[in-house]
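This report refers to the structure that appears directly beneath it.
The chains referred to below are lettered A, B, ... by the order of the sequence lines, with proteins before strands, and numbering in each begins at 1.
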Amino acid sequence: MSTRRFALVDCNNFFCSCERVFNPRLLKVPIVVLSNNDGCIISRSQEAKNLGIPMGAPLHEQQEVIQKNRVHVLSSNYTLYGDMSARVMSILREEVSSVEVYSIDEAFLELPEKFDEKAASKLRAKVLRWTGIPVCIGMGTTKLLAKLSNHYAKKNHSYGGLFELENHPFSNDIMASTRTGDLWGVGKNLERRLQHLGMTTVLEFKNASPACIRKELGVVGERLLRELNGISCMNLEEIPPARKGVMASRSFGSSVESLEELEEALANHVARASERIRRFGLLASHLQVSLQTNRFKKEEPQYAPTIGHALLTPTASTSQLMNIARKMLHSIYRSGYRYKKTGIFLGGLVSEDSFQPSLFDIPVTNPRGDIDKICDAINKKLGDPKNPLITRASQGTKQSSKGWKMRSQRRSPRYTTDWRELPIARI
DNA sequence: TCTGGGGTCCTAGGACCC
DNA sequence: TCTGGGGTCCTAGGACCC
């Protein structure tokens, strides 16, 4: 049997690259893209990285370097990024039959035998030419090694965006100069525990005894070790496994104290979450409502309750879920706190075609279910995902909203998904 | 003033059963 | 005085990811 080979294709600075495709003024200058609520920096162009702006940093901590270097700051535009991602993925599928979409900007491929460096280089060029998005490709006999190779392809520009660690004559030297924390699946905690065992570099970890790692770090550690040694333990997941739960939450633009405003914000989250499960043909059998004060404001009293509720009969009805969620919110709400966030989690998801009805259910068709489906269809056709045309009164109106709506002050147009925001070419 | 959101997997521990 | 052991299922919380 021939050895399997994987590739990890990763879009470079994905959100920034998407912005640049439609706005050439952003080329060759430092740019950053912000998280929801314009809070943290979640994507940086190479020029911004070179300025030392760290990933995940709060925007307000970087104001000085941003102003001094005239860094362009953009709010996130997930509608655009989602569409660009779909374009990249469809090109990958044209070239390779086994594709696992791992995240919005990454995909694992299982490579055919004849797929060499030349083929990888061609693939890169095609994605760039057809979408405007630059990608790096890492290859290896396991997913972990492909991911690690990708890490080097991104860091070392002389590799030309391609790398295969196992083929490299100095692979041991390279691994000896890489911290274990750079490995996929090794976070702060595992890195510290490895350090306690006397291993700081990837090479030291690679040469560790499987029995020792199993004992000290459990199955998670052993799997990493084996993958690092070329024993494939992770398969390609071409068909995404069924979703376990759906969450919808947002920080508020500013603090909120009144129950009415919290209700309005939560109603919007319930609307989004229930629309999502309907889209997947799922019903929820339990839900969780959470509330949170601003954990960064140590001087303010903190309160962060979560409450769960099981449903006798699973549902995806927006109004039904809104009603229950509102009662749950009432039961955990306490006045006198300044709240920063509320959210809903829909769990115990089952398919609408095959769920276990309650013993005590009266089998009636739910007329509201039809209303939801009609609203979904209208919103899909005429609204945009962030701003649906039809909403419930409990979700408030543009005028009624006060503090809870999130900030998004520097969003670029939805170039590819909204007729009204198409780019305009002038001759 | 300002500090994201949405997931998965694993483990430990309690409840419960025989 | 003496008070089992092994299994499953569920949940909460931690760790990690992008």
My understanding is that only residues two or more places apart in sequence, or in another chain, count here; which of them pass side-chain hydrogen bond (donor to acceptor under 3.5 Å, both in side chains) with [X]?
X      : answer
A:R179 : A:D182, A:E191
A:N36  : none
A:H269 : A:R272
A:T200 : A:E204

Between side-chain atoms of residues 206-215 of chain A and protein atoms elsewhere (two or more places apart, or another chain), which donor-acceptor pairs fall under 3.5 Å?
unit_1	atom_1	unit_2	atom_2	d
A:N207	ND2	A:L203	O	3.3
A:S209	OG	A:A211	N	3.4
A:S209	OG	A:C212	N	3.0
A:R214	NH1	A:E222	OE1	3.0

Near DNA chain C, counting only heavy atoms under 4.0 Å, which residues of residues 207-230 of chain A show up? none
Return the residues of residues 189-196 of chain A meeting this criterion: a heavy atom under 4.0 Å from some atom of DNA chain C. Order them by number, or give none. A:N189, A:L190
By a strict heavy-atom criterion of less than 4.0 Å, which residues belonging to residues 292-304 of chain A are in contact with DNA chain B? A:R295, A:F296, A:K297
Where along residues 130-150 of chain A does a heavy atom come under 4.0 Å from DNA chain B, residue by residue in number order? none
Comparing nearest nucleotides in DNA chain B, the 5'-proximal residue of the pair A:E61, A:P241 is A:E61
First contact, last contact: which nucleotides of DNA chain C are these for chain A, 5' to 3', heavy-atom distance under 4.0 Å? C:dA15 to C:dC18
Sorted by chain and residue number, the side-chain contact (heavy atoms from CB on, under 4.5 Å) partners of A:F14 (sequence neighbours excluded) come out as A:C11, A:C18, A:Y81, A:M84, A:S85, A:I104, A:D105, A:I133
Pairing pattern in dot-bracket form [Watson-Crick, G-U; both distances under 3.5 Å; | = partner strand] for DNA chain B: ....||||||||||||||
